[in-house]
Amino acid sequence: METLRQILDRAARDVFPAADGRTRVVPQPSPRDAGVLAFTAHSVVVTDEDPAWVARVLRSLDCDPLAGALHPAFLAALLERTGRRAETVDALLVGAPLPGAPKLALTEIRDAGHPRIRYARERRDEVRAWQADGGVLVLGRGMAGRLEVAVEVDGQAREKGLGRLLAGAARRLADEPLWAQVAPGNARSLRAFQAAGYRAVGAELLLQRKMPVCPSE
């Protein structure tokens, strides 16, 4: 069986799952990582729950089968069964690494208590963060160990292209494909990542555990 990481690595190279209308279930790569990914006419449910249960709930939905895996009724059932919570369905983008140093002055944040680092460590491992004039750039390993990026721009620094510069700088700090999750309604952020050369590959909803757990999980 193809693993989630293999699916992601192939998608990063623009090799996508077959657009065959299927929804498949793949095991969680870790106790933390669970969710739903949607590619073109192909969905992946990342869970250790019974695949037969997933198929049964999807068949019961009154919707286009291509939309079933991200249908609110299915997601509500999955959250209830797993005892997890979720925030939003994100657009999933990926950017290839770039050579050379970042074209932006960055200072690494060493303070583990920094609010942005604390927030990132709830969702990622190996978190590192950098401060720029007016913004913050964060890298860390998330779903299936992929390298993920997040940027935050201060209110007074917006509308000046800083988000695009931060997203572009991240590609020069990475030596492997770099993943970004952006709420589709956040047009400013979505455009910044696209302008920095990130490509849309699908949609994703992460299922987050409600209770604090061991950081190694």
Side-chain angles (χ1 to χ4, degrees), residues 8 11-12 30 32-33 35 37 85-210 212-217:
L8 291 170
S30 76
R32 178 192 64 192
D33 295 338
L37 290 83
R85 63 183 182 87
E87 293 177 350
T88 185
V89 176
D90 287 319
L92 187 61
L93 301 96
V94 67
L98 291 175
K103 298 180 178 180
L104 184 67
L106 297 172
T107 302
E108 187 160 6
I109 301 171
R110 303 291 185 178
D111 178 11
H114 188 283
R116 202 64 185 81
I117 293 180
R118 289 204 314 268
Y119 177 85
R121 283 181 171 168
E122 294 176 1
R123 294 162 171 76
R124 300 180 178 102
D125 302 318
E126 302 177 24
V127 172
R128 297 180 67 187
W130 291 262
Q131 183 84 47
D133 185 14
V136 175
L137 162 63
V138 181
L139 298 182
R141 295 201 176 274
M143 176 75 90
R146 69 188 179 192
L147 188 60
E148 299 177 350
V149 57
V151 303
E152 185 174 305
V153 177
D154 298 340
Q156 68 272 17
R158 291 174 182 165
E159 306 294 343
K160 300 178 181 178
L162 181 58
R164 172 179 55 81
L165 291 174
L166 287 167
R171 295 179 63 194
R172 297 183 183 276
L173 293 170
D175 58 4
E176 62 186 89
L178 189 56
W179 296 84
Q181 302 129 297
V182 183
N186 188 350
R188 180 183 289 131
S189 182
L190 195 57
R191 289 182 179 186
F193 275 95
Q194 290 175 323
Y198 291 75
R199 312 181 310 280
V201 296
E204 176 179 274
L205 179 74
L206 297 181
L207 306 186
Q208 299 165 2
R209 293 175 293 187
K210 294 180 179 179
V213 293
C214 174
S216 64
E217 293 188 343

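The minimum heavy-atom distance linking R32 with M143 is given by the pair NH2-N, 4.3 Å. Looking at every heavy atom in both residues, L190 comes nearest to P184 through CD2-O, 4.2 Å. Listed here is the closest heavy atom pair of A180 and V149: CB-CG1, 3.9 Å. In this structure, A170 and L137 approach most closely via the heavy-atom pair CB-CD1, 3.6 Å. Here the shortest heavy-atom pairing between A120 and V138 reads CB-CG1, 3.8 Å. Minimum heavy-atom separation, T88 to A183: CG2-CB, 4.4 Å.
Residues L178 and L139 are in side-chain contact: their nearest non-hydrogen atoms beyond the backbone lie under 4.5 Å apart. Here the side chains of L106 and L166 are in contact, with some heavy-atom distance below 4.5 Å. Put simply, the side chain of R123 does not reach to within 4.5 Å of the side chain of L206, judged on heavy atoms.
Around atom CZ of R85, more than 12 heavy atoms belonging to other residues, nucleotides or ligands sit under 6.0 Å away.
Taking CG of L205 as the start and CG of L92 as the end, the distance is 12.0 Å to the nearest 0.5 Å. The distance from atom CG of L162 to atom CG of D154, rounded to the nearest 0.5 Å, is 8.0 Å. With values rounded to the nearest 0.5 angstrom, N186 atom CG is found 9.5 Å from F193 atom CZ. The distance from atom CD1 of I109 to atom CH2 of W130, rounded to the nearest 0.5 Å, is 9.5 Å. The distance from the CZ atom of R209 to the CD atom of E122 is 12.0 Å, given to the nearest 0.5 Å.
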* To do: Determine, stepwise, if the pair L173 / R128 fulfils side-chain contact (heavy atoms from CB on, under 4.5 Å).
  => CA-CA 11 Å; L173 293 170; R128 297 180 67 187; over 6 Å; no
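In this structure, R124 contributes its side chain and L147 its backbone to no donor-acceptor pair below 3.5 Å. Side chain of R164 to backbone of R191: no donor-acceptor contact under 3.5 angstrom is found. For D90 (side chain) and E204 (main-chain N/O), no donor-acceptor pair under 3.5 Å exists by modelled atom type. Checked by atom type and distance alone, the side chain of Q194 never pairs as donor or acceptor with a backbone atom of Y198 at under 3.5 Å.
Looking at E148 and R146, a side-chain N of the basic residue comes within less than 4.0 Å of a carboxylate O on the acidic one, giving a salt bridge.
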